[in-house]
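To start, the structure under review is shown below, and the notes come after it.
Counting from 1, the numbers follow the sequence of the chain as shown.
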Amino acid sequence: VVCTQALTLLEMEGEQSVACYREEGMPFAAGIYRAALTLTAPESRQLEFEVGAAPTPPPPPKPAIRCDAPFVAGALAPQGQPVLTADRFQWYTQAVYVGATCQELSAATPWSARWYREGTLLREFEGVWDGGPEGVIWDSLSGNAAAPFLRPGAYTVTLVVSATAPLTMTFRVIPYPPPTPTP
């Protein structure tokens, strides 16, 4: 027994605290202690606690995700690197790729892409990173069987990787130049 106290509660309900000190103010030795509270009835409540246990250090903060400058390209290499980067594409363009190389990625990092043409939303995509700590996050827009070429106009793409600042890319698909008649 480290200490005992007999107190009279001032009210029928509520809370009250009781301090327990060792003789001469010495600190408690490291170990597991039990506090028992007994009211007028023989029933008691007990609480165990540990003194001297080193607190568990918090995990180190994860490094923030960093992304290089975004790209707009006509194709991607097998490793995901951009090929044929440009900000203007011909009327017969069938696909455009956008993305960025990012570092400090972790499994299940969410990302999203929003594609606009002349201010109108064309495509939304949400993905989850499933690669290593560094890689290229990319998305593409392509034509379809009925309209294989991208329509002419100004395009804006916003790529958001986790909670990083949005990356915005712009490009233009130039219209088909009709042949000029020869006199």
Sequence neighbours left out, cut at 3.5 Å: what donor-acceptor pairs do the side chains of residues 134-153 make with other protein atoms?
residue: Asp139; atom: OD1; partner: Arg123; partner atom: NH2; Å: 2.7
residue: Asp139; atom: OD2; partner: Trp115; partner atom: NE1; Å: 2.9
residue: Asp139; atom: OD2; partner: Arg123; partner atom: NE; Å: 3.2
residue: Asp139; atom: OD2; partner: Arg123; partner atom: NH2; Å: 3.3
residue: Asn144; atom: OD1; partner: Ala146; partner atom: N; Å: 3.0
residue: Asn144; atom: OD1; partner: Ala147; partner atom: N; Å: 2.7

Within the 4.5 Å heavy-atom criterion, are Phe71 and Leu76 side-chain neighbours or not?
yes
For Glu124, enumerate each residue passing the salt bridge (Lys or Arg N to Asp or Glu O under 4.0 Å) test, keeping only those at least two apart in sequence or located in another chain.
Arg114
Of the non-hydrogen atoms in [X] and [Y], which two are nearest, and what is the gap between them?
| X | Y | answer |
| --- | --- | --- |
| Ala36 | Gln46 | CB-CG, 4.1 Å |
| Trp111 | Leu159 | CE3-CD1, 3.7 Å |
| Val160 | Pro166 | CG2-CB, 3.9 Å |

As an exercise, state the distance from OH of Tyr33 to CD of Glu48, rounded to the nearest 0.5 Å.
12.5 Å
Could you list the donor-acceptor pairs under 3.5 angstrom formed by side chains in residues 80-107, with sequence neighbours left out?
residue: Thr93; atom: OG1; partner: Gln90; partner atom: N; Å: 3.4
residue: Thr93; atom: OG1; partner: Gln90; partner atom: O; Å: 2.7
residue: Ser106; atom: OG; partner: Thr109; partner atom: OG1; Å: 3.3

So if you build clusters from Ile, Leu, Val, Met, Phe, Trp, Tyr with side-chain heavy-atom gaps below 4.5 Å, do Phe49 and Phe28 land together?
yes
Would you say Tyr116 ends up clustered with Phe125 if hydrophobic residues are merged whenever their side chains have heavy atoms under 4.5 Å apart, either directly or through other cluster members?
no
Under 4.5 Å side-chain linkage, directly or through intermediates, the cluster mates of Ile174
none
Any disulfide bond (SG atoms under 2.5 Å apart) pairs touching residues 114-156, not counting sequence neighbours?
none
By the side-chain hydrogen bond (donor to acceptor under 3.5 Å, both in side chains) test, which pairs, at least two apart or in different chains, include something from residues 154-170?
none
